[in-house]
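Per chain, numbering begins at 1; letters A, B, ... match sequence-line order.
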Protein chains: 4
Amino acid sequence: MTTEERVREAAVRLFAERGFHGTGIRDLAQAAGLSSATLYHYMGTKEDLLVSIMRTSLTELITQAEAIAARAANETDRLVALVEMHVQAHAEKPRETAVVDGEMRALTGDRRAEIVALRDRYEQIWQDAIVDGVQAGRLNVTEPSVARLALLEMCSGVSRWYSPDGPLKLTDLTIQYGAMALGMLGAAR
Amino acid sequence: MTTEERVREAAVRLFAERGFHGTGIRDLAQAAGLSSATLYHYMGTKEDLLVSIMRTSLTELITQAEAIAARAANETDRLVALVEMHVQAHAEKPRETAVVDGEMRALTGDRRAEIVALRDRYEQIWQDAIVDGVQAGRLNVTEPSVARLALLEMCSGVSRWYSPDGPLKLTDLTIQYGAMALGMLGAAR
Amino acid sequence: MTTEERVREAAVRLFAERGFHGTGIRDLAQAAGLSSATLYHYMGTKEDLLVSIMRTSLTELITQAEAIAARAANETDRLVALVEMHVQAHAEKPRETAVVDGEMRALTGDRRAEIVALRDRYEQIWQDAIVDGVQAGRLNVTEPSVARLALLEMCSGVSRWYSPDGPLKLTDLTIQYGAMALGMLGAAR
Amino acid sequence: MTTEERVREAAVRLFAERGFHGTGIRDLAQAAGLSSATLYHYMGTKEDLLVSIMRTSLTELITQAEAIAARAANETDRLVALVEMHVQAHAEKPRETAVVDGEMRALTGDRRAEIVALRDRYEQIWQDAIVDGVQAGRLNVTEPSVARLALLEMCSGVSRWYSPDGPLKLTDLTIQYGAMALGMLGAAR
DNA sequence: AATGAATGAGAGTTCATTCAT
DNA sequence: TATGAATGAACTCTCATTCAT
């Protein structure tokens with residue numbers, strides 16, 4: 001693992017555990033095994049580091065979501081595939097995703113706009129999936145926007161509690177979430 | 001409104017908007033219209049203030065949840081009533097609830113233990129409701145704990161986006177969430 | 001005991017235990033059973049209070065020392081009587097005397113000058129006693145100033161350790177100090 | 001002189017002149033020619049700095065006192081040598097010794113216990129010297145503990161007034177204190 | 001006589017960041 | 001590549017003091 005990766009990993013972990021404002025540059029340096037001065041060879045500002053983490057994570061989610069949207073056999077499958085991918089990502093990379101979901105308010109100015117735009121783009125994919133599902137008669141929701149928000153919150157929460165060392169296997173987790181998603185969206189049985 | 005209430009309200013707002021660590025004592029003072037020294041006539045430490053906000057909010061939720069659990073006609077009603085109450089609380093007091101849901105990690109030591117215990121007590125009420133519903137054959141979930149976590153995350157998310165000034169009325173919101181909850185828990189139709 | 005006395009007593013105790021700068025106005029108020037605002041009905045500034053304590057204590061010492069100097073039968077008696085008086089004062093009022101001996105540096109400007117002048121006046125009485133004793137052939141010291149300083153430090157130290165509840169009676173204490181003083185000043189046997 | 005030494009020296013001087021609580025961190029920084037933030041590269045807390053100064057000074061005194069106790073020809077020599085060493089230390093390092101003698105009360109908790117233990121160890125060496133002198137018939141004191149306290153106070157006072165630039169040479173000072181000590185302890189002539 | 005409320009200034013300490021080496 | 005040294009600004013919190021009631 002390169003030093004840059006160590007820095008990044010330390011940042012992901014600490015930002016997730018303590019939040020951006022709760023993490024000091026010295027904490028980061030110590031966790032990465034460097035002096036705080038050396039840290040600055042591997043990053044810009046603390047906020048740059050946060051942005052970079054978020055961009056990477058969100059971009060990956062978007063890429064996967066777009067691939068799913070492109071290849072899904074039907075609207076139901078598409079929705080379930082999105083849920084499974086999202087849940088899996090939050091189960092496998094709980095820290096990265098928790099940072100994305102929880103630290104957006106720490107960003108300022110243009111950086112914030114950039115990340116918000118990415119998030120909006122990701123959410124739009126979900127919005128489309130739900131709207132299309134409803135139009136196709138496969139889903140039954142009163143208000144697609146409300147459903148989208150509720151669904152995403154439900155799935156994102158996984159990063160806060162799931163542990164791969166616990167009794168629940170990842171595949172079972174995604175299956176359950178897929179089922180719950182279909183249920184809450186009133187999918188035709 | 002008393003000065004103490006102004007302090008509290010300022011804290012709730014800023015903690016919700018910027019997070020505990022992102023809120024300085026001077027920000028708080030300014031928002032409450034006081035000097036930072038005067039602030040300390042109306043609070044203990046910054047952390048004390050956070051604890052107090054959380055305790056108040058969680059205690060209120062627990063009180064309401066226990067009342068619902070005591071009076072509900074059947075397991076389905078009980079679950080829906082919990083959802084409606086929770087969603088309503090998060091819609092009406094989005095800042096207080098967001099602080100409860102998001103700033104627990106900022107607490108330290110005994111204070112943290114106290115608040116975590118309250119949260120656990122609240123979640124247990126939900127857990128019981130789900131388990132009872134399953135046993136009564138009115139709900140159908142694979143894993144009650146997973147369902148509880150998913151359900152609570154879904155409902156708590158409301159504080160992050162709902163606005164009473166938007167197109168969606170509060171009653172419609174709660175109805176939709178009730179329906180989604182029943183759907184995701186596989187309620188008998 | 002009047003409130004003013006309570007304030008004074010609290011100040012004496014706290015200044016002695018923690019020092020002037022180590023004692024806060026809130027500590028004083030609490031020790032006197034008042035609010036910090038009420039405190040200011042019974043005193044000027046914190047420094048005024050210190051000056052007042054010192055003035056009272058030093059004036060009393062000077063009065064007693066002058067009486068001794070006026071009535072002593074001979075130079076040896078005079079020296080011993082000064083020692084006994086000084087030791088008794090430091091044993092009976094350890095806090096007042098400790099404040100006088102230890103907090104002079106906390107004073108500023110004119111206040112400091114006033115107290116320093118009182119202390120110098122007191123020390124002059126001792127200086128005269130030693131010089132007269134030497135001239136009378138009753139004492140034998142190389143350098144009267146050095147002897148005076150050494151003697152006063154020795155006697156003042158009593159306030160730091162003597163307890164009336166301990167095994168040593170006050171009369172025995174003063175007798176021992178008188179004997180030690182004569183010894184160190186080379187008194188004719 | 002290294003920066004660390006400059007910090008230490010500044011602290012010794014200011015703590016001696018104004019007391020620990022009377023010295024601010026910004027005073028310290030200015031006296032050392034640093035910003036207050038930079039100060040913290042060279043010390044832990046302000047109290048750590050105080051402890052370190054005291055430990056160094058007391059350890060040196062103990063080392064010297066133990067060496068004297070080990071090599072003294074007889075009980076009288078031993079006592080005089082202790083006095084001379086102590087007086088010399090207080091004359092040559094008046095600030096360090098004044099801090100040791102006067103700021104112990106500013107310490108808290110374990111730090112205080114550590115320093116008190118060192119001081120007690122040092123005083124025990126004196127106590128032994130006096131007791132041994134009495135048993136050997138070379139000293140004549142009523143109460144060794146009282147004599148020890150009086151003697152140490154007398155000698156420590158030197159740091160408060162002696163100046164190497166004054167008329168009194170250091171060797172004369174120590175000789176006079178040795179003579180006074182023997183006198184006050186009733187040494188056989 | 002008594003105090004709650006108020007505050008500017010300052011306390012000790014840490015912040016994120018820079019730079020010469 | 002790596003870091004000690006450095007700092008202005010900011011941190012949370014307390015200071016001594018005043019004043020209207």
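- Counting any heavy atom pair closer than 4.0 Å across all strands shown, D:T23 reaches sugar-phosphate atoms only and no base atom.
- Residue D:Q30 places its CD atom among 12 or fewer non-hydrogen atoms of other residues, nucleotides or ligands, all under 6.0 Å distant.
- Listed for the B:T56 side chain is a donor-acceptor partner under 3.5 Å among the backbone atoms of B:S52.
- Each of A:T38 and B:S36 lies near DNA chain F, and the nucleotide nearest A:T38 is the one positioned closer to the 5' end.
- In this structure, C:G33 and A:T45 both approach DNA chain E, and ranking their closest nucleotides by distance from the 5' end singles out C:G33.
- In terms of modelled atom types and a separation under 3.5 Å, the side chain of B:R105 and the main chain of A:A16 share a donor-acceptor contact.
- Across all strands shown, E:dA16 is found opposite F:dT7 as a Watson-Crick or G-U wobble partner, with both distances under 3.5 Å.
- When atom types are taken as modelled, the side chain of D:E47 and the backbone of D:T108 share a donor-acceptor pair closer than 3.5 angstrom.
- Atom CD of A:Q30 is separated from atom C1' of E:dT14 by 15 Å (rounded to the nearest Å).
- Distance A:D48 CG to E:dT17 P: 8 Å, rounded to the nearest Å.
- Taking every side-chain heavy atom of D:I25 into account, E:dG12 is the closest of F:dC13, E:dG12, E:dC15.
- Counting any heavy atom pair closer than 4.0 Å across all strands shown, D:Y42 reaches sugar-phosphate atoms only and no base atom.
- Protein atom CZ of B:F20 is 13 Å distant from nucleotide atom P of F:dC11, rounded to whole Å.
- If you check F:dT21 for Watson-Crick or wobble pairing at under 3.5 angstrom, you find it paired to E:dA2.
- One can place CZ of C:R18 at 15 Å from P of F:dT14, the figure rounded to the nearest angstrom.
- Place C:H41 and C:H21 on DNA chain F by their nearest nucleotides, and C:H21 ends up nearer the 5' end.
- Candidate nucleotides E:dA6, F:dT17, F:dA6 were compared by shortest atom distance to the side chain of B:T3, and E:dA6 ranks first.
- Taking atom CG of residue A:D27 and atom P of nucleotide E:dT13, one finds them 18 Å apart after rounding to whole Å.
- One interatomic measurement links the two molecules: CG of C:L34 to C1' of E:dT3, which rounds to 10 Å at whole-angstrom precision.
- Nucleotide F:dC19 holds its C1' atom 16 Å from the CG atom of C:L39, rounded to whole Å.
- The side chain of C:R26 lies closest to F:dT17 when the candidates are F:dT17, E:dT13, F:dA2.
- Checking E:dT13, F:dT7, E:dC19 against every side-chain atom of D:S35, the shortest atom distance belongs to F:dT7.
- For the pair A:L28 CG and E:dC15 C1', the computed distance is 13 Å after rounding to whole Å.
- B:E96 places no side-chain N or O within 3.5 Å of a backbone atom of B:S57 that could act as its donor or acceptor partner.
- Residue B:K46 has its side chain nearest to F:dC13 when only E:dT3, F:dC13, F:dA16 are considered.
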